[in-house]
Every structure is written in structure tokens, then in C-alpha cells.
> 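Handing you a structure now.
Note that these values count all heavy atoms, side chains included, but never hydrogens, waters or copies made by symmetry. Throughout, a chain's letter reflects where its sequence line sits, starting with A, and its residues are numbered from 1.
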Number of protein chains: 2
Amino acid sequence: MARLKDVAALAGVSPSVASRVLNNDTQARINENTRKRVIDAADQLRYVPDHRARALRLSRADAIALIVPEVNNAIFSSLHQGVQAVAHDRNSAVFLAQFDAETADANALAQLIGNGRVDGVIVQRNEHFTDDDLIAAIQLDVPVVLVNTRLEGYAGSVALNDREAVELAVNHLRELGHERIGFVAGAPRHDAATRRLEGFRDSMAAAGLTAREEWIAPAGWEAPAGAEAAKTLIALSPRPTALVAASLNTAIGAMRAAHDAGIAVPSELSVVAVQDAWMSEYTVPRLTTVAMPMREAGARAAAMLLDHLAGEPLADELVTEPHPQLIVRESTTSPSS
Amino acid sequence: MARLKDVAALAGVSPSVASRVLNNDTQARINENTRKRVIDAADQLRYVPDHRARALRLSRADAIALIVPEVNNAIFSSLHQGVQAVAHDRNSAVFLAQFDAETADANALAQLIGNGRVDGVIVQRNEHFTDDDLIAAIQLDVPVVLVNTRLEGYAGSVALNDREAVELAVNHLRELGHERIGFVAGAPRHDAATRRLEGFRDSMAAAGLTAREEWIAPAGWEAPAGAEAAKTLIALSPRPTALVAASLNTAIGAMRAAHDAGIAVPSELSVVAVQDAWMSEYTVPRLTTVAMPMREAGARAAAMLLDHLAGEPLADELVTEPHPQLIVRESTTSPSS
DNA sequence: CACGAGTGCACAACCGTTTGCTCTCGCAGC
DNA sequence: GCTGCGAGAGCAAACGGTTGTGCACTCGTG
């Protein structure tokens, strides 16, 4: 590989001049002719600066890490896109890392990030992280921005409008005529799940309906838990005529449970999920969802992190624009009775 | 952060001694007492070596990159796990990066990897990469190992036993009594897809059946393409009584198409997919699949790459153990007529 | 012609580690 | 008493860049 000094030698200048030219140093006074020679030389040698040296000298890696609990989660894809887009515009690379509190200790995150490998970290929390896990994990020497979660006393987060999303779901069901609405909740320890649950209670009340506690089943974020929870709710008598699921995968699990129990969706049970992804188009029936602006959340988190690296303070943001959006497909209809 | 010289100062030695102690330099003669003091000092200051400086000095990043076209693909998850497990054992961090030939030019990969950010790269190819794209993309200054693809004249790959997988699927259908078997193929430009197609033709022949060309529809790797392809096949007369799909997502798309066309799976059409993931348990009906050892492939690729960094040559490997495994669920049954 | 103000470039230090080599002891052998 | 030697530790260069500062030179002006 060509080094800076090779470029400088070819251009007949010192490394310092070459450096200033290639970094567009506006302070420096460089002859236009010299500048050209350096640039030509760099082209000719296909010079690419060594990231290690640059990072060492500048105490900056030009890279951020996106830590997710489960890389293979559909909604995560758009989060990643948002982060990627912003980071790319600001010349920062994005490294993804999967990190599950279930299998790795808090120290592992520090190992992964190493010391100076990235300038900052964006963390998406999942159901397995307790607050303490999370606090332990973010004891890094770089700034951390949390996505879809907040931590008491910790600044640096981007949250989604969970309440509004659930409200859309409830109101949709209410308008269809449902009154007995159940809720497949997320893990109680996750504050976003808590917000969705509160949103459910509140919007039920606002719609003039009662949220019956036995129709609320805690699940988690994944399909098996959703199936279990739905199985319980279905067995009740009277049972709900509609279900709101706090996440897409639990909704898929719920549909599975309904099918296995011989209950037809949507004619006997309507299902609506919070969060959307391509799979919603491929379930039978197609799933009615409330799409959350995950891409925007990712973009906002990346922007906040990169701004912070440039000197701005961290903050707790709420993504209000675009709003969560109801996407009516086939899994919801009016109650039969 | 504590630096090496801080540790040295606290222990009352020079940085060089501290370095040798902390790196377990066996050549160096260090007094046992001194050694203890250094280690204590490092503990006390929670010293973590700076990766930037280390990487610069050693020309080694202790990290590898895993490049995938679509991070949000279920089968990719186990690939990642395999890579992660091996890398972890060998003290290398794994960075994930999404890189799609559709949206990014070849240069982008070099940008992403930068120069010296990682020691090597594992690349999973998708349908959008032409051979030329792939060749362009892997012109890096670090070694590259390809997963599930091979390139003429390029050594460094781990392939899966595509033929055996398809053979399992075909034989399963044959044993159920199917004779009119269609194939939802991958993109023709992907060599793994080609191998699966050849495997289909060969195993059909071996089973005493004819693979009719009009029952072979090229799709890709994703659900919409699978749905399109299946729609075409279903419209034929006579139409196949069973479908082998070259990937999980196309199979999901095929099931969608069948449902939309009013064709019942499995009674009127059996479907079996190559590749398995959690979603197979959540389709209606549950999907019969052939699980490929993706985790093992990831582990082998990582091992090959890290071995290569230690001086071993790259090779072209085929994962034969464990074998692809047929998982019979609900989407296949004997033909009705 | 002398002087000051620019202009254009090079020198050298530094980021934090690693590592070949040198240096300084203390001690044994002759 | 001098030399040789091994143990133990420090010096300094190097990895590849960036950047504050200094130096030499040109040119315009009084």
C-alpha cells in the first residue's frame, strides 16, 4: 500500500504538505500547482489513508457501532438503514454487532467495542436487558445513545411514540366495533413495553372501553412467547374478540396460536400488531399493523451521536414525525357476534 | 483512560517493561516482583490497551468483517453465530456490515473496510452480485473468504452441499408420490443457485422423473420474487403437484401465491424449501424445509480466514458435515390425484 | 536600498504501543 | 584487581499520519 510519504515523494513535497492538501486544510497556504501535483500523485498511487494511524493521531475512529440484541429481527432492518444513511453522509462507518444480555456479560460489550475502535455506540434494547444490565453495558469510554428505551438519570435516547401507536391500533378496532380487546404485551422490564401497555390502558379508557386485566398477557418480543400468550387469552371465557400485539413477532405467534386452536382470523379474532415489516404481507391472513418510524429513529439516533461527538449535548428525543401509521390488511374485521 | 505509561509509572518501571509483562513476553527476563507490581498497577488503573495504537504498531486490527447483502435475512443469523463463535475463541472481534451491490458501488466496500480497520473479510453473496461485482468488491488489501459461492480462479471459499439439499427435498416429494415437481430457482447468476438447479435436474433424473423446463421458474432470494414465480407455475396446465423452492423466503412467497390463487397447501400443492429458520414454524401450514448447516459454514469460513492470517493458505472448502437435514412439517403431503 | 508583509514549504513533535538493542549492575573466575 | 557474564531494566526507533511553528524566499513600498 502506498503511504503518505510515498505520495509526498512522488509529488516532490514533504509529508506535511501532502497531508494538508489531502485534508483540504483551508488554513494552509499551498500553491495551486503543488496542490495539483499532490492530488495527482495520490490518484496515481491509489493512496488510501491508514485508518489506524489516523485514528491514533486524531483520537477518532470515524466509525460508530450499532448494537442490537437480535440482528435477525425484521424491524431492526429499517433502524439500521436510518443509522447507515446519516452516518454515511457524515463520513462515519457503521459497524453492527449483536449483543444479547442473555448470552454475554456486560464486559463483553467493552471487549467488542475495544478501546478506540469506534467513537460512539447506538444501543437497541431488548426484553432480556434489565435496567441493571443496560447500565452495566453502557459503562464505556465512548458516548452511548439508546434507541426505543430510556433510562432514569441517563441522557441520550431516542424513543418512539409508543402510546400513539397503540392508540391507533385500539381505535381501529373500536371503529370496527370491537369492545373486548386483549393485549399481548412486551416484557414488563422493558420501558417501551410499559409505555405500550399504558398506552393500551389509556386509549381503551378514552374509547370508553374497559381494559380487563385478564385480557392482558405479558409475552416478550418473539413469536413463541406471543403464541403462548395468545393461547392463554383465547382460552378465556368470555374471550376477547380482538388482540393488539405489542410487536410484530408476537403477533405472528398469536396468529399461529389462533390457527392451532381452530379460531379463524379475522372472523373470530382480529389481530393487529405494533411494528411492520415485509412479513406482514406474507402471513395468512395478511397482518394489519401500525408501522413505527424505525428508520427515522435510527437516523435521529445517529445524528444525535455524531452531533455529540462534535460538541453538542446528548438529549432525550421523541420521534413524533412521521407519526405511527395504521396499515389495514386482512387480519382485522368487525366482530361476528 | 489509563495509558501504558501510567501503569508503568505506578509500578515504577519503564513502559517497555510494562508492555512486556502485560503481553507475557517469554523472551524477556523480568523479575517476578516487578511483574507483580506491573500487573497490580494495570488492575488498579483498569488499563485497557488502546486498539488504535496497537493496530498501528502491529499492523493488525484483531477484527474481521462479515459482509452480508441483507442483514435481515433469517438464514444469515446462524451464519453470523458460527463466525462469531470462532472469532471469539481466537480473540478477534466481528463487525457486521450490510452491503448490497444494488445500492452501493464496489468502491463502497473498500470505504467501509477502510484501510486497516479489519484484518480480513467474509462475504456472503446474494442474487444481485454479478461475478464482476463480486470480483470488483473483493479487490481489497485484506484476504477475503466467500461463503456459499465460488469464483473461477479465486481461492478462499466455503460452499454448502447444495446438491444434497435439493436431493433430499426431491426424494422426500418422490417418496410421497409426487411426479410433477416444479422448482422455484434462485437468480441464475448466483452459482449456488445454479448448483441447486443442477441438483434439482440431477436428482429428478435419478428419481426417474423428468424435470420439465416450464416447471422451472427463476426467482431470486426474496418473497415477492418467489410469489411471482409460483404464480406462473400454478397457472400452467398441467401444473406441478409440488414445488421445491431454492430458498426459504421464496418458499414463503410461493405459499402466499398459492393461497391467493385458492390452491390449498399441502393438499393441492406441496411446498418444500431449502434453508430453515424460525419462521418455518409460523407459516400456515408450517413449512417443510431442508436445513442447511449455515452455522458450520460460518465457523469454517472464520477459521479459514483466521488461519490464513496466521500463515495458512486459503482453500475452497465444502461443508459436508453436518449434512443438510430434512425437516418435515405440514406443507408437504401425498398428491391428491 | 532597506524593510515588512506575505507566501510556500519543511521540521519536528506527537498520538500509544511494541521491540531490538544498549546500559548498568553485581558477582564469579583467574 | 581486572575481565566476563548474566540478569534486569531502560532508551529510542518505529508504525503512519497530523499540525504548530519556523525558515527562506518573493514582492511591494517608502
> Looking at A187(A) and A193(A), what are the two nearest heavy atoms and their distance?
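Closest approach of A187(A) to A193(A), heavy atoms only: O-CB, 3.2 Å.
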
> Would you indicate whether E152(A), at its atom CD, is surrounded by more than 12 heavy atoms from other residues, nucleotides or ligands within a distance under 6.0 Å?
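No.
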
> What does nucleotides 22-28 of chain C look like as a protein-contact string, B for base, S for sugar-phosphate only, - for none, at under 4.0 angstrom between heavy atoms?
-------

> Minimum heavy-atom separation for S157(B) and T149(B), please, with both atom names.
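Result for this residue pair: CB-O, 3.3 Å.
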
> L309(A): which residues meet the side chain to side chain contact (heavy atoms under 4.5 Å, CB included) condition with it, sequence neighbours left out?
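Per chain and number, L309(A) pairs via side chain to side chain contact (heavy atoms under 4.5 Å, CB included) with D119(A), P143(A), L306(A).
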
> Where is the tightest heavy-atom contact between V145(A) and L314(A), given as atom of each residue plus distance?
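So the minimum-distance heavy-atom pair works out to CG2-CD2, 3.9 Å.
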
> Name each donor-acceptor pair under 3.5 Å that joins a side chain in residues 83-91 of chain B to protein atoms two or more places apart or in another chain, with its distance.
residue : atom : partner : partner atom : Å
R90(B)  : NH1  : D307(B) : OD1          : 3.4
R90(B)  : NH2  : D307(B) : OD1          : 2.7

> For T320(A), give me all partners under side chain to side chain donor-acceptor pair (under 3.5 Å), at least two apart in sequence or on another chain.
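If we apply the side chain to side chain donor-acceptor pair (under 3.5 Å) test to T320(A), skipping adjacent residues, there are no hits.
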
> Which heavy-atom pair separates R150(B) from R125(B) by the least distance, and what is that distance?
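Here R150(B) and R125(B) meet closest at O-NH1, 4.3 Å.
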
> Taking DNA chain D as the partner, which of residues 36-46 of chain A come within under 4.0 angstrom of it by heavy atom?
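Per residue number, the list is empty: none.
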
> Measuring only between side-chain heavy atoms, which start at C-beta, is L160(A) closer than 4.5 Å to P293(A)?
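Yes - at least one pair of side-chain heavy atoms lies under 4.5 Å apart.
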
> Which residues satisfy the side chain to side chain donor-acceptor pair (under 3.5 Å) test with R35(A), sequence neighbours excluded?
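So R35(A) forms no side chain to side chain donor-acceptor pair (under 3.5 Å) with any residue.
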
> First contact, last contact: which nucleotides of DNA chain D are these for chain B, 5' to 3', heavy-atom distance under 4.0 Å?
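Going 5' to 3' along DNA chain D, contacts run dA7(D) to dG16(D).
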
> Minimum heavy-atom separation for R20(A) to A28(A), with atom names?
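Closest pair (atom of R20(A), atom of A28(A), distance): CD-CB, 3.4 Å.
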
> Give every residue pair that meets the side chain to side chain donor-acceptor pair (under 3.5 Å) criterion with at least one member in residues 21-32 of chain B, sequence neighbours excluded.
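Passing the test, one end in residues 21-32 of chain B: S19(B)-N23(B), N23(B)-R54(B).
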
> Of all residues at least two apart in sequence or in a different chain, which pass the side chain to side chain donor-acceptor pair (under 3.5 Å) check with Q81(A)?
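Listed in chain order: R295(A).
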
> Rounding to an integer number of Å, can you tell me how far Q27(A) CD sits from dG6(C) P?
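Rounded to whole Å, this separation is 16 Å.
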
> Which heavy-atom pair separates A297(A) from L79(A) by the least distance, and what is that distance?
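Closest approach of A297(A) to L79(A), heavy atoms only: C-CD1, 4.3 Å.
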
> Tell me, please, which residues at least two apart from S78(B) pass side chain to side chain donor-acceptor pair (under 3.5 Å).
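In terms of side chain to side chain donor-acceptor pair (under 3.5 Å), with neighbours along the sequence ignored, S78(B) is linked to no residue.
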
> List DNA chain C stems (3 or more consecutive Watson-Crick/G-U pairs, under 3.5 Å)?
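C:1-30 with D:1-30 - these are the stems of 3 or more pairs that involve DNA chain C.
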
> Each nucleotide N or O in nucleotides 13-19 of chain C that has a protein N or O under 3.5 Å away: list the pair and distance.
residue : atom : partner : partner atom : Å
dC14(C) : O2   : R57(A)  : NH1          : 2.7
dC15(C) : O2   : R57(A)  : N            : 3.4
dG16(C) : OP1  : R3(B)   : NE           : 3.3
dT17(C) : OP1  : R3(B)   : NH1          : 3.4
dT17(C) : OP1  : Y47(B)  : OH           : 3.0
dT17(C) : OP1  : D50(B)  : N            : 3.3
dT17(C) : OP2  : L4(B)   : N            : 2.7
dT17(C) : O5'  : Y47(B)  : OH           : 3.1
dT18(C) : OP1  : N23(B)  : ND2          : 3.3
dT18(C) : OP1  : R54(B)  : NE           : 2.9
dT18(C) : OP1  : R54(B)  : NH2          : 3.3
dT18(C) : OP2  : S19(B)  : OG           : 2.8
dT18(C) : OP2  : N23(B)  : ND2          : 3.1
dT18(C) : O2   : R57(B)  : NH1          : 2.1

